**Q** 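The structure's right below; bear with me while I get my questions together.
A, B, ... follow the sequence lines: proteins, then strands. Residue 1 opens every chain. Since this is a predicted model, take the numbers as computed values, not measurements.
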Amino acid sequence: MNNSVHASPEQNAYADILFYGCWTGLVIMLVTYLLYVSSAIAPHVPLEQMPLYWSQPVAHYLAGAGVPTGWGWTSLLGRGDFLNFLGIVLLAGLSIICYLRVIPALFRKGDKLIGCIALAEVLVLLIAASGLAGGGAH
Amino acid sequence: MKRQKLMAVTVSAGLLLLCLAALAAASPAPGVVESAVNGAARGMAEATGTTLPWWAWPIILLFFCFILGIIAVMAGVGGGVLFVPLVSGFFPFHIDFVRGAGLLVALAGALAAGPGLLKRNLASLRLALPVALIASSCAIVGAFLGLALPADVVQLCLGGTIMFIAILLLLSKNVAVPHVERQDALGMALGMRGAYIEPSTGEVVNWKTQRTPQGLLLFIVIGVMAGMFGLGAGWANVPVLNLLMGAPLKVAVGTSKFLLSITDTSAAWVYMNQGCVLPLIAVPSIVGLMGGSFVGVRLLAKAKPRFIRYMVIGVLVFAGGKALLKGLGIG
């Protein structure tokens, strides 16, 4: 059995998106964090009050600080703390973008089984990201 | 001489880590600080159990995670497996937020390592895709399970899991290139095979998987645990891919690391949607651990892996014990 020692074109394409996306996400995260902790952009939850919430279960934080769940944070993007989610969401969404890039290539190659598996994975990640799979935090 | 220096650096890093943990844990209880604070500050101290200002914690966390990153790389474990038990044990953060940050820490590390591993064919997309589908679906279930269970039960299970990981690290003997006689039908259908060049010999190593159905079944458990505890799951991925499925160690390690970028994504979304990601905790953790990992990689070539491995096993037993005690309401 002889396999190629070189990564397949779709594997390379996946790697390229991952590389640029990851470092973009990390830079955004770092910049928004500095804006947040320096109070250059006022946060939704005052920084001084954070110790009151971070030692308690998440339900206490959500109720006490009036923090929305799911994608509700998008309405608070102008606040320093929620601005940080831009970078975090980019990092968390990167796999979906990578998959979407390689799926057509897999089907073009006739790799239908792996293509379908990749499609199913996108579906799973989209369900997780959408917050449709509900459930309460304690 | 160089080796002695390195030993000294490693021991110092370990000691510094413990000092930071001790500093975090030894922040005075409300009653002790009575005379030192005024009314408002005292109220805050009583409510939070600490007198340190808010900004001190992200800074301590940053340094703590930096050292954790160095040690994790040198011991060959992911950051998440050390991060969750240690930070939930010694910092004033609730385990809900620690797990959210832990998943992001593991995710960011995996995303950063992924491109290099994929390009060098040390992570296999074909091996990862089916495994990722199972593990990431189950990680969602695990995340909801973890968020629905009471915190002390999670701590108790976490403690048990960490102890188990320590034993696994102590006993497992990975095989560099397992001999696979015949590939099973499922592995063949999924095209789980590949090749890479071994840099030390220049030899081309061809590989294929065996026992694929059993391996995929185990990823159900791995996915649930990754989501439930926010640990990342390299500690479990590698033995399953290497010892059970017969992937060469380098491919198992590379694919496992890449796999975390998908598995942890699904669980991270659940934690994020439930409000369990606090940037104030997550960002310094990610930055610290990634910074530490870069330094760790540079030290890796000169390190004495066995010593570091035993040190990490010791830290895991310690952290697992602390989680168990916390779960029992003693710690």
**Q** To the nearest 0.5 Å, how far apart are CG in L117(B) and CG in L18(A)?
**A** 10.0 Å
**Q** Please confirm whether F258(B) and Y14(A) have ring centers closer than 6.0 angstrom.
**A** yes
**Q** Indicate the atoms forming the closest heavy-atom contact of H94(B) with Q56(A), along with that distance.
**A** CB-O, 3.2 Å
**Q** Atom CH2 of W73(A) and atom CE of M272(B): how far apart are they, to the nearest 0.5 Å?
**A** 7.0 Å
**Q** Would you check if the side chain of E121(A) reaches a backbone N or O of P130(B) as a donor-acceptor pair within less than 3.5 Å?
**A** no
**Q** So which residue, N84(A), D16(A), T32(A), I114(A), ends up with the most heavy-atom pairs under 4.5 Å with chain B?
**A** I114(A)
**Q** Does the side chain of L26(A) reach to within under 4.5 Å of the side chain of I286(B), using non-hydrogen atoms?
**A** yes
**Q** Is it the side chain or the backbone of V89(A) that comes within 4.5 Å of chain B heavy atoms, both, or neither?
**A** both
**Q** I need the minimum non-hydrogen distance between C22(A) and A108(B), along with the two atoms involved.
**A** SG-O, 4.5 Å
**Q** So which part of A132(B) gets closer than 4.5 Å to some heavy atom of chain A, the side chain, the backbone, both or neither?
**A** both
**Q** What do the steps show when you test V277(B) against F85(A) for side-chain contact (heavy atoms from CB on, under 4.5 Å), and what is the final call?
**A** CA-CA 9 Å; V277(B) 172; F85(A) 280 86; 4.2 Å; yes
**Q** Hey, mind stepping through L47(A) and W54(B) against side-chain contact (heavy atoms from CB on, under 4.5 Å) and telling me if it holds?
**A** CA-CA 7 Å; L47(A) 285 158; W54(B) 70 266; 3.7 Å; yes
**Q** Distance only, no hydrogens: is a donor on one side chain within 3.5 Å (strictly under) of an acceptor on the other, for Q274(B) and T69(A)?
**A** no
**Q** If you count heavy-atom pairs within less than 4.5 Å of chain B, which of I17(A), L30(A), V37(A) leads?
**A** V37(A)
**Q** Check whether D96(B) reaches the backbone of P57(A) with its side chain - one donor and one acceptor, N or O, closer than 3.5 Å.
**A** no
**Q** Let me know if L111(B) has heavy atoms under 4.5 Å from chain A in its side chain, its backbone, both or neither.
**A** both
**Q** Atom CG of L113(A) and atom CZ of R126(B): how far apart are they, to the nearest 0.5 Å?
**A** 8.5 Å
**Q** What distance do C116(A) atom SG and L133(B) atom CG have between them, rounded to the nearest 0.5 Å?
**A** 11.0 Å
**Q** For residues I140(B) and A128(A), report the shortest heavy-atom separation together with the two atoms involved.
**A** CD1-CB, 3.6 Å
**Q** Sort out for me which of I117(A), I96(A), V102(A), V45(A) touches chain B most, counting heavy-atom pairs under 4.5 Å.
**A** I117(A)
**Q** Where is the tightest heavy-atom contact between I281(B) and W54(A), given as atom of each residue plus distance?
**A** CD1-CB, 4.0 Å
**Q** Which atom names give the shortest non-hydrogen contact between W269(B) and A92(A), and what distance separates them?
**A** NE1-O, 3.1 Å
**Q** Quick check on L123(A) against chain B: is it the side chain, the backbone, both or neither that has a heavy atom closer than 4.5 Å?
**A** neither
**Q** Taking the six-membered ring where the residue is Trp, are the ring centres of F97(B) and Y61(A) under 6.0 Å apart?
**A** yes
**Q** Taking atom types as modelled, find out whether Q11(A) and N121(B) have a side-chain donor-acceptor pair closer than 3.5 angstrom.
**A** yes
**Q** Under a 4.5 Å heavy-atom cut-off, does chain B meet the side chain of F82(A), its backbone, both or neither?
**A** neither
**Q** Can you see which heavy atom on D81(A) is nearest to which on P279(B), and at what distance?
**A** O-CG, 3.5 Å
**Q** Would you please test Y36(A) and L280(B) for side-chain contact (heavy atoms from CB on, under 4.5 Å) and show each step?
**A** CA-CA 9 Å; Y36(A) 168 39; L280(B) 205 53; 3.9 Å; yes
**Q** With a 4.5 angstrom heavy-atom cut-off, which part of V67(A) approaches chain B: side chain, backbone, both or neither?
**A** neither
**Q** Nearest 0.5 Å please: distance from the OG atom of S55(A) over to the CD1 atom of I95(B).
**A** 14.0 Å
**Q** Rounded to the nearest 0.5 Å, what's the gap from OG on S261(B) to CG on L94(A)? Could you check?
**A** 8.5 Å
**Q** Would you check if P58(B) and Y33(A) make a side-chain contact, meaning some heavy-atom pair closer than 4.5 Å?
**A** yes
**Q** Considering only heavy atoms from C-beta outward, does the side chain of L91(A) approach that of L104(B) to under 4.5 Å?
**A** no
**Q** Should Y99(A) and L129(B) count as side-chain neighbours, where that means a heavy-atom distance under 4.5 Å?
**A** yes
**Q** Counting only heavy atoms closer than 4.5 Å, note whether A267(B) contacts chain A via side chain, backbone, both or neither.
**A** neither
